[in-house]
Amino acid sequence: MQIKSNTLMQPVEGAILALSIVTKRSFASLKVANDVASVTLEFIVSRLFLNHFGVIGIGTLVSAFMVGYVVKCLKLFLTN
C-alpha cells in the first residue's frame, strides 16, 4: 500500500522499488528474492561466527517467502 500511495518507505523497500523500476521486474518477485537472500546471509554469518542459527525461526522463514506473494495478491485488489 505504501507503493500505491507514494508514501515514505523504509530504505530497503525503497531500494527494491528503485531496482524494480530500473530492471522492469515486479516488486513482489524482487522482494521475495531480497528477503530470501537476507535470511540466507544471516544463516551463513551466524553459523560462521556464532556456531548456531542465530534468530532464524519459522516466522522468519515464512515471512521471507510470503511477504512478496502477499504484495502480489494485494496488488490485484489495489489496481482495480
Side-chain angles (χ1 to χ4, degrees):
M1 290 187 275
Q2 283 179 324
I3 297 167
K4 189 71 174 169
S5 64
N6 290 325
T7 58
L8 187 62
M9 300 177 72
Q10 296 292 326
V12 174
E13 279 76 20
I16 296 169
L17 179 61
L19 188 62
S20 168
I21 292 168
V22 169
T23 62
K24 296 183 178 27
R25 295 180 64 193
S26 76
F27 175 83
S29 64
L30 289 175
K31 176 74 175 152
V32 170
N34 177 67
D35 291 348
V36 170
S38 295
V39 170
T40 303
L41 181 63
E42 193 276 335
F43 173 79
I44 292 168
V45 169
S46 66
R47 189 73 176 135
L48 286 174
F49 293 107
L50 302 175
N51 205 21
H52 61 82
F53 298 127
V55 295
I56 296 178
I58 189 69
T60 305
L61 295 173
V62 169
S63 174
F65 287 101
M66 293 305 296
V67 171
Y69 296 119
V70 170
V71 168
K72 191 180 291 188
C73 291
L74 286 176
K75 186 178 177 185
L76 295 173
F77 293 111
L78 294 175
T79 56
N80 293 332

Would you check, one step at a time, whether the test side chain to side chain contact (heavy atoms under 4.5 Å, CB included) holds for Ile21 with Leu17?
CA-CA 6 Å; Ile21 292 168; Leu17 179 61; 4.2 Å; yes

dist Leu19:CG -> Asn34:CG (nearest 0.5 Å) comes out at 9.0 Å

Contact summary for Thr40 and Val36, nearest pair of heavy atoms
OG1-O, 2.8 Å

Is there a path of hydrophobic side-chain contacts, each under 4.5 Å between heavy atoms, that joins Val22 and Phe27?
no

Under 3.5 Å donor-acceptor, Ser20 side chain and Ile16 backbone:
no

